[in-house]
Protein chains: 2
Amino acid sequence: MSDVIALHPHPGKNRGVTADLALDQINKQIIEHLQRDGRMSYATLAKEIGLSEAAVRQRVQRLLDGGLMQIVAVTDPLTLGFARQAMVGLKVNGDLRQIADELAAVPEVDYVVICAGGFDLLVELVCTDDEHLLDLLNEKVRPIKGVTSCETFMYLKLAKQTYAWGTR
Amino acid sequence: MSDVIALHPHPGKNRGVTADLALDQINKQIIEHLQRDGRMSYATLAKEIGLSEAAVRQRVQRLLDGGLMQIVAVTDPLTLGFARQAMVGLKVNGDLRQIADELAAVPEVDYVVICAGGFDLLVELVCTDDEHLLDLLNEKVRPIKGVTSCETFMYLKLAKQTYAWGTR
DNA sequence: CTGACTCCTGCGTTTATCGCAGAGTTGATC
DNA sequence: GATCAACTCTGCGATAAACGCAGGAGTCAG
């Protein structure tokens, strides 16, 4: 496959910087493989990359512990009984970060991004039905202080959903 | 945690329906656990759910093979060197599904959803930089036949990203 | 009742994971 | 330039998990 790059990527390079978690070429390779199959064994991962099994295990563990990567099961919410999903575009006044955090605290909110353009915030909601969606919008989203406008885009069909962007 | 429900969910119930992949309570429990930790061992998963290890392994394999669930590593693209992410809201004329498929074929597009509201399609782009984003919009998105309007929301900060909605 | 089907269990074999001690490098300090 | 601490890798034995398969039990159609 692709060439293995530096077997010894400057050991001891990242001292001082405590929890820095360098994303060297090896870690990127690890992530790329796990983006395709999150359950790949450390052993085969090690063979593919050209490192010992223990070293790969160590690196994966560090990536997970550091919150830089997580390995999870993903599904189409529609197949799990969440009949109603929606993206909400918000315009707000005040502290963007704080409002984003408030929204992030809502369990039914699975995605919050601060952005530039016609909306200040984009928020994805996962609901069981229309009633649930209405409740959320009415009780949890619109009442947030600083929210001046709220436009809802109800999902009709999820056409693509990928997590393997690779790395650069 | 939650009570274990029916140990024997009507064996042999889903005959006839060839590749149906029933989402019974057990499968939902499996998904819920793997949404939290995709690398959980079949053994502990089996103990938590109250089935044999082999049965759980069989079910997980079927969920994966059937494309109903995938276990992958997820990361914040920004930490992986993708400095520029954006959501694009499109208004289109013509066949929504076909246009959605065309967009889905673009590698840099990781999310396409057909929706109701001010936009017909929401598309998420993962780019290395502004140049890349400009290229994409100019060469791959706007030229698509039927696209009448295109509004871009550049990501400034990802505030939340979850894949564990649980199940209903 | 019989047969086909599905799903589960139990168990032996193979494979992977875990934990730890030791070697090699690097950068800072003296 | 020698020493030391910090980091990462390797190798290996003990433990644990995954795999494959044969057998049992339930369900449904004829």
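Each chain gets a letter, A, B and so on, in the order its sequence line appears, and its residues count up from 1.
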**OP:** Give the rounded distance in Å between these two atoms: CG of B:Leu63 and P of C:dC7.
**Re:** 12 Å
Original post:
Which heavy atom of A:Ala46 sits nearest a heavy atom of A:Val56, and at what distance?
Top reply: CA-CG2, 3.7 Å
Subject >> Pairs touching residues 138-154 of chain B that satisfy side-chain hydrogen bond (donor to acceptor under 3.5 Å, both in side chains), sequence neighbours left out >> reply: none
Subject >> C:dC7 phosphate, OP1 or OP2, under 4.0 Å from B:Gln58 side-chain N/O >> reply: no
For residues 87-95 of chain B, which side-chain N or O atoms pair as donor and acceptor with protein atoms under 3.5 Å away, sequence neighbours left out?
unit_1  : atom_1 : unit_2  : atom_2 : d
B:Asp95 : OD1    : B:Arg97 : N      : 2.9
B:Asp95 : OD1    : B:Gln98 : N      : 3.3

Subject >> A:Glu32 with A:Lys28: basic N within carboxylate O range, under 4.0 Å >> reply: no
Would you list the protein and nucleotides 21-23 of chain C atom pairs, both N or O, that sit under 3.5 Å from each other?
none

**OP:** Scan for salt bridge (Lys or Arg N to Asp or Glu O under 4.0 Å) pairs involving residues 69-85 of chain B, sequence neighbours excluded, and state none if there are none.
**Re:** B:Arg84-B:Asp130
**OP:** Find the distance A:Leu45:CG to D:dC9:P and express it as a whole number of Å.
**Re:** 13 Å
Subject >> Proximal nucleotide (of D:dC9, D:dG20, D:dT8) relative to the A:Leu51 side chain >> reply: D:dC9
**OP:** Determine which pairs satisfy side-chain hydrogen bond (donor to acceptor under 3.5 Å, both in side chains) with at least one residue from residues 110-125 of chain B, sequence neighbours left out, and list them in order.
**Re:** A:Tyr111-B:Glu124, A:Glu124-B:Tyr111, A:Trp165-B:Asp110, B:Glu124-B:Tyr155
Original post:
Which whole-number value in Å describes the distance from B:Arg59 CZ to D:dC19 P?
Top reply: 17 Å
**OP:** Could you tell me the separation between the CD1 atom of A:Ile71 and the CZ atom of B:Arg39, rounded to the nearest 0.5 Å?
**Re:** 5.0 Å
Original post:
Rounding to a whole Å, what distance do you find between B:Ile30:CD1 and C:dC7:C1'?
Top reply: 13 Å
Subject >> Gap between atoms CD and P, on A:Gln61 and D:dT8 respectively (whole Å) >> reply: 14 Å
**OP:** Return the value, rounded to whole Å, for the distance between atom CZ of B:Arg62 and atom C1' of C:dC7.
**Re:** 8 Å
Original post:
Nearest 0.5 Å, what's the SG-CE distance between B:Cys127 and B:Met154?
Top reply: 10.0 Å
Polar atom pairs (N or O), protein with nucleotides 14-18 of chain D, under 3.5 Å:
unit_1 : atom_1 : unit_2  : atom_2 : d
D:dA18 : OP1    : B:Tyr42 : N      : 3.0
D:dA18 : OP2    : B:Tyr42 : N      : 2.9
D:dA18 : OP2    : B:Ala43 : N      : 3.0

Original post:
With the 4.5 Å side-chain cut-off for hydrophobic clustering, are A:Leu103 and B:Leu156 part of the same group?
Top reply: yes
Original post:
Nearest-Å distance, CG (B:Asp37) to C1' (C:dT17)?
Top reply: 14 Å
